[in-house]
Amino acid sequence: MSSADQLAASSPDAPKPKRHPVLIIVMGVAGTGKTTLARELERRLDMPYVEGDELHPPANIAKMSAGIPLTDADREPWLALIRTTAEHLAAQQQADPAFARRPGALVTCSALRRYYRDILRGLRDPARAESPRLPGHLAPPAPHRLPAYFVFIKGSRELIADRISKREGHYMKPGMLDSQLETLESPEGEEGVVVVPLDATTEEQADIAIRELSKMLPEPL
């Protein structure tokens, strides 16, 4: 904290300095419980939550519902939209003096390949249609101003397959698990990645995620 912030914080009537927005992505193949963990983190951290699957275009959902794996061309606009959505949320939060939650966004996304994760980090910009320009005060932050961190739910194929077989009403078919596992490039060893075990409880996973992310962030969660 700067000396100016310290002086401001010492005044009981002064507003608290705004915290830096972060993007936390709960990732892993289908059936690992990304939404369940993200909802628990949302509850504990009081951060806005975005369900990545809800940003899929209808064509992607139709393919997955038919058991057809998505290609990079299918995924790139979707991943770019997730990043843009998080950036816009962060910009709106920073521009709103009444916003009192933890700034940034929690997002669920499979993020199977390093290339996909780099799009989510804001480091890669695949070819896509130009999005409407925002007013200057709502311009998305630069990548270094919205750093991305990943919580990777890791588990065995057998456990994941068992969980998928018990799900109802989801468009992901059990037979697509092998395709996702073949596509998966483990994020272990990459900067800004926390690994949580699939066989832990949701509460234990959240404990690990918050503890390890707090070590990486300039401001503890």
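By the 4.5 Å heavy-atom criterion applied to side chains, Met27 and Cys109 are not counted as neighbours.
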Applying side-chain hydrogen bond (donor to acceptor under 3.5 Å, both in side chains) to Tyr115 and Glu76, what does each step give before you reach the verdict?
CA-CA 10 Å; Tyr115 169 57; Glu76 286 173 351; 2.7 Å; yes

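The salt bridge (Lys or Arg N to Asp or Glu O under 4.0 Å) pairs that include a residue from residues 197-207 are Arg44-Asp207, where partners are two or more places apart or lie in different chains.
A salt bridge between Asp46 and Arg101 is present, with a side-chain N of the basic residue lying under 4.0 Å from a carboxylate O of the acidic one. Note on Arg83 versus Asp125: no salt bridge recorded, every NZ/NE/NH1/NH2 to OD/OE distance being 4.0 Å or above. A salt bridge links Arg121 to Glu190: at least one charged side-chain nitrogen sits closer than 4.0 Å to a carboxylate oxygen. Under a 4.0 Å N-O distance rule, the pair Asp118/Arg113 does not qualify as a salt bridge. The pair Glu185-Arg114 does not meet the salt-bridge criterion, since no charged nitrogen lies less than 4.0 angstrom from a carboxylate oxygen.
When Thr201, Thr202, Val26 are each tested for a side-chain contact (heavy atoms from CB on, under 4.5 Å) with Glu40, only one passes: Thr202.
Under the 4.5 Å side-chain heavy-atom criterion for grouping Ile, Leu, Val, Met, Phe, Trp and Tyr, Phe152 is connected to Leu159 within one hydrophobic cluster.
Here NZ of Lys34 is found 4.0 Å from OG1 of Thr32. Values are rounded to the nearest 0.5 Å. Interatomic distance, Leu221 CG to Leu41 CG, rounded to the nearest 0.5 Å: 8.5 Å. A distance of 3.5 Å separates NE2 of His56 from CE of Met64, quoted to the nearest 0.5 Å.
The salt bridge (Lys or Arg N to Asp or Glu O under 4.0 Å) check on Asp162 picks up Lys166, with sequence neighbours excluded. With sequence neighbours excluded, no residue forms a side-chain contact (heavy atoms from CB on, under 4.5 Å) with Ala59.
With 3.5 Å as the limit, one finds no donor-acceptor pair spanning the side chains of Gln180 and Ser110.
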